[in-house]
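Read through the structure below, which is laid out as structure tokens, and then see the notes.
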2 protein chains.
Amino acid sequence: MTGMTSLHEFCATRGDLAAPCRHCGAREFNVCQALDAAQQEKLFALALRLQVGKRCRLFSAGDPARYVYNLTEGTVCLSRSLPDGRRQILGFLLPGDFIGFEADETHRRDAEALTEAKLCRFERAAFDGFLEDNPDVALRLLRLASSDLAEAARHEVLLGRKTALERIATFLLDLRDRSGARHLRTQPLALPMTRGEIADYTGLTIETVSRVLGRLRSDKLIEVIGTSAVRLLDDGQLERLSGSA
Amino acid sequence: MTGMTSLHEFCATRGDLAAPCRHCGAREFNVCQALDAAQQEKLFALALRLQVGKRCRLFSAGDPARYVYNLTEGTVCLSRSLPDGRRQILGFLLPGDFIGFEADETHRRDAEALTEAKLCRFERAAFDGFLEDNPDVALRLLRLASSDLAEAARHEVLLGRKTALERIATFLLDLRDRSGARHLRTQPLALPMTRGEIADYTGLTIETVSRVLGRLRSDKLIEVIGTSAVRLLDDGQLERLSGSA
DNA sequence: CCGGACATTTGATCTGGATCAAAGCGGGCC
DNA sequence: GGCCCGCTTTGATCCAGATCAAATGTCCGG
């Protein structure tokens with residue numbers, strides 16, 4: 001409990017009072033992408049716009065899955081932990097990512113904001129209803145879930161078979177690509193997560209993450225800017241070091 | 001290429017010549033579950049029943065995703081490999097599992113039969129059409145994809161944060177549970193995969209897998225029956241050793 | 001601009017699992 | 001039923017990354 005903000009600190013605005021979707025940064029991604037005007041209006045009527053602070057826990061594994069979310073600003077991480085506290089971070093979510101959809105009524109992961117974040121929140125029941133009325137959206141979501149699955153597969157390869165150096169190179173390149181796809185700045189590339197969070201994503205320790213970043217820096221493959229940004233200086237070499245191709 | 005059978009060795013029967021769905025062992029699972037009679041008939045009309053031999057590669061990462069499959073008998077493994085040959089097995093599929101659905105037009109994984117296997121194969125385009133006409137099936141598939149994602153998350157925890165002993169205990173308990181859910185025999189529990197495949201699933205080496213199984217055996221937590229079966233002798237202790245609870 | 005708490009880096013040592021190297025063995029095939 | 005060939009087990013050694021232990025930054029609040 002390190003000063004974690006909680007649900008009652010949400011600063012919430014009703015859908016009809018918030019900025020309309022056409023100004024939303026996440027509009028062109030994922031669920032919201034390619035909704036027609038009528039669909040968008042209906043979906044937006046179900047939405048509650050939220051802003052949450054750094055370290056805010058959106059939900060925890062085991063919680064009833066009452067809501068689904070669409071991230072519009074900020075970074076959120078999904079993780080799962082073992083009873084003794086060891087944690088595996090499953091991924092870092094960026095604006096446009098869809099969060100919290102579960103097969104049954106229970107969350108299987110923890111979701112925590114790494115930065116201040118803004119989200120659209122939907123009641124699960126209402127969202128399910130929307131999906132039933134809009135099968136094309138359900139199909140889009142199915143495609144999204146499939147690409148999440150492909151991404152999980154790449155992460156499993158990273159965790160099961162890559163060396164520390166390969167893991168960090170892969171992490172940096174992936175983050176750069178994902179950030180770029182969302183039109184976020186990639187040079188320098190923001191690292192909204194701590195070294196500890198990078199460690200929990202890559203299956204390493206803080207010290208190893210730090211040492212590998214140090215080595216990449218002294219090899220002039222990256223420039224480390226403060227503690228929360230890097231510049232990738234040699235994509236080709238990083239690619240080679242990533243082990244993926 | 002160790003005697004791998006390939007596509008032309010498929011022994012294929014047309015849908016209308018094969019045993020009807022009502023005798024299919026996979027009928028009560030996944031996609032086929034709870035289809036009404038009319039839907040089942042339509043879907044079956046699209047199906048080609050296949051039988052493939054041990055080591056048969058169904059598809060490889062990078063292949064165009066022309067078909068989706070429903071496994072009805074046997075075991076199939078999904079994997080991804082690095083260019084230098086290191087392999088990560090993502091999961092072992094049992095009868096009832098649905099295989100090969102992709103977000104775009106390309107497979108992202110390799111799929112290989114570990115035993116002789118029977119499958120229903122559907123043209124991707126025809127299957128997509130069926131989904132459009134049957135939104136309830138699309139929703140079911142979406143739910144399936146979500147639980148696959150939850151399973152991938154558990155596997156990421158195993159690969160990123162568990163010890164060798166915890167990995168093997170987890171693997172054995174999971175396989176037992178999954179086999180049980182499909183009404184397969186669990187005592188003794190069949191291990192249709194080699195030690196090398198267990199190693200590639202758990203992110204370990206063959207030697208470590210063998211040593212850990214040896215230790216579990218000498219601790220009287222399992223009985224090793226030949227090379228392809230085990231008996232779990234102390235679920236509570238295995239559970240504790242699995243690190244998960 | 002300063003202080004102080006926490007994040008990060010760096011260094012020394014340890015160790016779980018990998019790697020290298022031989023035996024066992026099992027089960028498919030004739 | 002016997003004979004291989006490849007799988008599996010077992011043993012000895014090694015090493016990448018973990019752990020333990022200090023420094024050093026850095027950023028935030030006052």
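Everything numeric here is computed off the predicted structure, so don't read it as measured data. All chains are named by letter (A, B, ...) in the order of the sequence lines, taking the proteins before the strands, and each is independently numbered beginning at 1.
- When heavy atoms are screened at a 4.0 angstrom cut-off, A/Leu213 is found touching no nucleic acid atom at all.
- Nucleic acid contact class of A/Thr205 (heavy atoms, under 4.0 Å, all strands): base.
- The CD1-P distance, from B/Ile198 to C/dG17, rounds to 16 Å in whole Å.
- Taking atom CG on B/Leu204 and atom C1' on D/dT9, their separation rounds to 16 Å, with Å as the unit.
- In the helix from C/dC1-D/dG30 to C/dC30-D/dG1, the terminal helix axes, each the rotation mapping four pairs' C1' atoms onto the next four within five end pairs, subtend 60°, rounded to 10°.
- The distance between atom CD1 of A/Ile168 and atom P of C/dT8, rounded to the nearest whole Å, is 13 Å.
- Here the side chains of B/Arg108 and B/Leu90 are not in contact, with every heavy-atom distance at 4.5 Å or above.
- Taking atom CG of residue A/Leu191 and atom P of nucleotide D/dT26, one finds them 15 Å apart after rounding to whole Å.
- Here C/dA22 presents its P atom at 18 Å from CD1 of B/Ile206, a figure rounded to the nearest Å.
- Relative orientation of the A/His107 and A/Phe59 rings is parallel, given thresholds of 30° and 60° on the angle between their planes.
- Computed from coordinates, the B/Leu165 CG to C/dA18 C1' distance equals 17 Å when rounded to whole Å.
- In this model, the phosphate group of D/dT26 is not approached by any side-chain N or O of A/Thr227 to a distance below 4.0 Å at OP1 or OP2.
- At whole-Å resolution of the value, CZ in B/Arg217 and C1' in C/dC25 are 13 Å apart.
- Within 4.0 Å of B/Ser210, counting heavy atoms only, lies at least one base atom of the nucleic acid.
- Toward the 5′ end of DNA chain D lies the nearest nucleotide of A/Thr208, the other residue of the pair A/Gly226 and A/Thr208 mapping further downstream.
- No contact: B/Arg215 has no heavy atom under 4.0 Å from any strand.
- Between the side chain of B/Glu207 and the base of C/dC20 there is at least one donor-acceptor pair of N/O atoms closer than 3.5 Å.
- Distance check: A/Arg217 CZ to A/Ile225 CD1 gives 12.0 Å after rounding to the nearest 0.5 Å.
- Counted within 6.0 Å of CZ on B/Arg231, heavy atoms from surrounding residues, nucleotides or ligands total more than 12; the atom is thus considered enclosed.
- Using modelled atom types and a 3.5 Å distance limit, the side chains of B/Lys162 and B/Ser244 yield a donor-acceptor pair.
- Mapping A/Arg161 and A/Thr194 onto DNA chain C by nearest heavy atom places A/Thr194 closer to the 5' end of the strand.
- Rounded to whole Å, the distance from CG on B/Asp200 to C1' on C/dG17 is 15 Å.
- In this model, a side-chain donor or acceptor of B/Arg211 finds a partner on the base of C/dT19 within 3.5 Å.
- Residue A/Arg167 is out of contact with every strand shown, counting any heavy-atom pair closer than 4.0 Å.
- Remark: the A/Thr72 side chain and the A/Arg49 side chain contain an N/O donor-acceptor pair separated by less than 3.5 Å.
- In this structure, the side chain of B/Ser179 does not engage the main chain of B/Arg176 through any donor-acceptor pair within 3.5 Å.
- Between B/Asp234 and B/Lys220 there is no salt bridge, since no side-chain N of the basic residue sits under 4.0 Å from a carboxylate O of the acidic one.
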